[in-house]
Q: 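Have a look at the structure that comes next, please.
Since the structure is predicted, the reported quantities are computational estimates derived from the model, not experimental observations.
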Amino acid sequence: MDADVLIVGAGPTGLALALELRRQGIPFRILDRAPDAVHESRALAIQARTLEVLDRLGVADELVAAGSTATTLVMHAGGHDRSLTLFEPSVADTRYPFLLFLSQAETERILTARLAAEGVEVERGVELVELRQGADETTCTVRTGTGERDIRARYVVGCDGAHSAVRHALGIGFAGAAIPRAFLLADVEAEGVDRGRLHFFVGAAGPLVLFPLGSPASFRLIVGAPRGMTEQQVTLERLQAVVDRYPRARLRLHDPVWLTMFTVHSRTAQRFRVRRVFLAGDAAHIHSPAGGQGMNTGIQDAVNLGWKLALVCNRQAGEPLLDTYEEERMPVARAVVAATHRAFALATSRSPLLRVVRPRVAGLAVATLRRSAPLRRRAFRMIGELDVRYRRRALTREGQPRLKRGPRAGDRLPDAPLRDGTLQRALPATAFAIVLAGPPGSWPQDGIAHEWGSLLETVHVDEVRDPAAHHRLGLRRGDVAHWVIRPDGYIGYRAGGDDVTGALAYLRSALR
């Protein structure tokens, strides 16, 4: 074999998968048909849950330092300008209670640099032209500037975008629809609005949105294109003419770095796995930019798949573990595609009724969120992907005695301060963890996890010294309980009491 895993595509999804496999010590190769990394901003938003999984890979702090975490949304609608801070400190169970704005080009630069520091280089200018699956391996024919050659790998992961060569080679359908309208996009300088803020103008023709960038330009601008405009007609002058139709905007655009036209598609691959080949990110699902979900969903695909591939490649788990990737991630993708399609369609519809009521409803929504902390928390958790869960799936189990409170099996483990760090950072990066909680002395301090070697580590939560973590796990004074945490930070099993027999049986079943 040339590698255990061949990653096709070196965007954020492929790079995150590469970092995950590198951390797990799996031999892999990563290639991309483009000769160079992207220079445009493209995806802009990094959500809270994505930062948590990237923290496991050692890059979250650098991303946060490079981006903007203090962004404010300004809604210009219904004759009013209403602001809403996209930082929600009342969401206390994450270290990242904010929406991070950072251009995709910078995100990719940081991920690629971390790979390079680990001794891994992206193979660029390498295009997949054929894929053949055997009983124990996959052979990929690739084309470079010097000709064609074969690469043999146990598994292949297509992270190669909406026009995925891997998906086409597998013959997997990409069902969905397009919103019947084109949009203009520009990375540009804009006078007339405060920099560093997200501006949302609601007009009869739909929204005009300016996202704060900083680099390579101050703003990313998106607005509906006039009927009949072609991509060849997109110029700064024509874009200014479209923007001038929003009288409250009073914008003057100049110095564009990138001008283009695009259409919005909502599509999901019919399968995420065919034997030894997987799809992740835009190769598996594409949707509107509403809510900044696309890149984030792809990165979380990569992390979900990465630890499972690692266990199978290291012969610490059986092939059935890989079936849980599609089982868990396809429902998430379908939900994101459906929700973002509805939101974008409502925001851009040319319906006469919506053109009238949209400005008033948008302004009212922001005003309501400003007044209600519970609604803000709920909205932040949903958009920040903190509420993504895998309940009632093959890798989740509720033990006995059953816990009545706190996060359930399949939920993300909440973060909380511990006496010597935080709960999430106490978890091993490459193994399962068994979290033991209760009053002092409830648990022995030696090898509950001894028989599992490097596959299982123990984390203790003391209700006296770690009260916030004890409470966040849904426990009351005197309660004793335990949880098995997967390598991606999700709860696989939970039960009350100090009998871990069920927890260890769960692990044997998960890794069969």
Side-chain angles (χ1 to χ4, degrees), residues 20-26 52-53 55-58 303-325 328 390 393-401 403 406-416 418-438 441-462 466 469-470 473 475 480-512:
E20 178 72 23
L21 294 176
R22 179 62 178 170
R23 180 167 289 263
Q24 301 275 3
I26 303 301
E52 288 183 343
V53 300
D55 186 56
R56 294 176 55 257
L57 302 179
V303 173
N304 182 287
L305 177 60
W307 68 268
K308 296 171 183 177
L309 279 171
L311 288 175
V312 174
C313 288
N314 282 331
R315 292 177 171 79
Q316 295 170 310
E319 284 276 340
L321 179 63
L322 298 178
D323 292 331
T324 66
Y325 168 66
E328 292 182 345
Y390 307 125
R393 304 293 179 192
L395 283 184
T396 58
R397 186 180 305 171
E398 294 282 350
Q400 298 295 331
L403 294 171
R408 295 163 53 184
D411 292 359
R412 154 191 168 271
L413 181 74
D415 204 9
L418 299 179
R419 60 187 178 274
D420 52 359
T422 73
L423 183 54
Q424 286 189 0
R425 284 189 168 173
L427 301 177
T430 59
F432 286 83
I434 184 163
V435 176
L436 311 172
S442 299
W443 296 94
Q445 296 300 307
D446 52 9
I448 285 178
H450 177 71
E451 67 171 283
W452 293 88
S454 61
L455 259 182
L456 182 65
E457 295 186 17
T458 302
V459 176
H460 288 269
V461 175
D462 186 321
D466 308 314
H470 196 264
L473 290 168
L475 302 181
V480 177
H482 56 282
W483 298 257
V484 176
I485 311 301
R486 306 172 357 166
D488 57 0
Y490 283 87
I491 299 169
Y493 173 94
R494 67 170 188 162
D498 59 3
D499 183 358
V500 299
T501 304
L504 300 182
Y506 160 80
L507 270 175
R508 285 189 287 270
S509 174
L511 301 177
R512 70 185 187 282

Q: Answer yes or no: is there a side-chain heavy-atom contact under 4.5 Å between Glu20 and Arg56?
A: yes
Q: Does any N or O in the side chain of Arg397 come within less than 3.5 Å of the main-chain N or O of Gly502, such that one atom is a donor and the other an acceptor?
A: no
Q: Nearest 0.5 Å, please: how far is CG in Asp411 from OG1 in Thr396?
A: 9.5 Å
Q: Using 0.5 Å steps for rounding, measure from the CZ atom of Phe432 to the CG atom of Leu311.
A: 6.0 Å
Q: Using only atom types and a distance under 3.5 Å, with no angle test, would you say the side chain of Asp415 pairs donor to acceptor with the backbone of Gln424?
A: yes
Q: Looking only at atom types and distance, does a side-chain atom of Arg23 sit under 3.5 Å from a main-chain N or O of Ala429, one as donor and one as acceptor?
A: no
Q: For a 4.5 angstrom cut-off between non-hydrogen side-chain atoms, does Val53 reach Asn304?
A: no
Q: First locate atom CD1 of Ile26, then atom CG of Leu309, and finally report the distance between them rounded to the nearest 0.5 Å.
A: 8.5 Å
Q: Can you name the nearest heavy-atom pair linking Ala433 to Pro428, along with the distance?
A: CB-CD, 3.5 Å
Q: Quick one: side chains of residues 313-321, donor-acceptor pairs under 3.5 Å with protein atoms, not counting sequence neighbours, listed by atom name and distance.
A:
| residue | atom | partner | partner atom | Å |
| --- | --- | --- | --- | --- |
| Asn314 | ND2 | Ala310 | O | 3.4 |
| Glu319 | OE1 | Arg273 | NH2 | 3.0 |
| Glu319 | OE2 | Tyr155 | OH | 2.2 |

Q: Between Arg425 and Asp55, is any pair of side-chain heavy atoms under 4.5 Å apart?
A: yes
Q: Assign the ring pair Tyr490 / Tyr390 to parallel, tilted or perpendicular, where the plane angle (0 to 90°) is split at 30° and 60°.
A: tilted
Q: How close do Thr324 and Ala394 get, heavy atom to heavy atom, and via which atoms?
A: CG2-CB, 4.2 Å
Q: Of all the heavy-atom pairs spanning Leu475 and Ala481, show the shortest one and how long it is.
A: CD2-CB, 3.9 Å
Q: Between atom CG of Leu322 and atom CG of Leu305, what is the distance when rounded to the nearest 0.5 Å?
A: 7.0 Å
Q: State whether the side chain of Arg486 and the backbone N or O of Trp307 hold a donor-acceptor pair below 3.5 Å, judged by distance alone.
A: no
Q: Below 4.5 Å, heavy atoms only, C-beta onward: do Arg508 and Trp452 meet side chain to side chain?
A: yes
Q: Is there a side-chain contact between Ile491 and Ile485, using heavy atoms and a 4.5 Å cut-off?
A: yes
Q: Taking the side chain as every heavy atom from C-beta outward, state whether Leu473 and Leu413 have any atom pair closer than 4.5 Å.
A: yes
Q: Return the minimal non-hydrogen interatomic distance between Leu423 and Pro414, and the atom names on each side.
A: CD2-O, 3.4 Å
Q: Got Leu395 and Lys308 here, is their nearest side-chain heavy-atom distance under 4.5 Å?
A: yes
Q: Heavy atoms only: give me the nearest Ala469-Ala416 pair and the separation to one decimal.
A: CA-CB, 3.4 Å
Q: Give the minimum heavy-atom separation between Trp483 and Ala437, together with the two atoms involved.
A: CZ3-CB, 3.6 Å
Q: Is any side-chain heavy atom of Ile434 less than 4.5 Å from a side-chain heavy atom of Tyr493?
A: no
Q: Rounded at 0.5 Å granularity, tell me how far NE2 in His482 sits from CZ in Arg494.
A: 11.5 Å
Q: Without swapping roles, check the side chain of Glu398 against the backbone of Ala409 for a donor-acceptor pair under 3.5 Å.
A: yes
Q: Using the side chain to side chain contact (heavy atoms under 4.5 Å, CB included) rule, take Glu52 and Arg412 through it: C-alpha gap first, then chi angles, then the decisive distance, then the call.
A: CA-CA 10 Å; Glu52 288 183 343; Arg412 154 191 168 271; 2.8 Å; yes
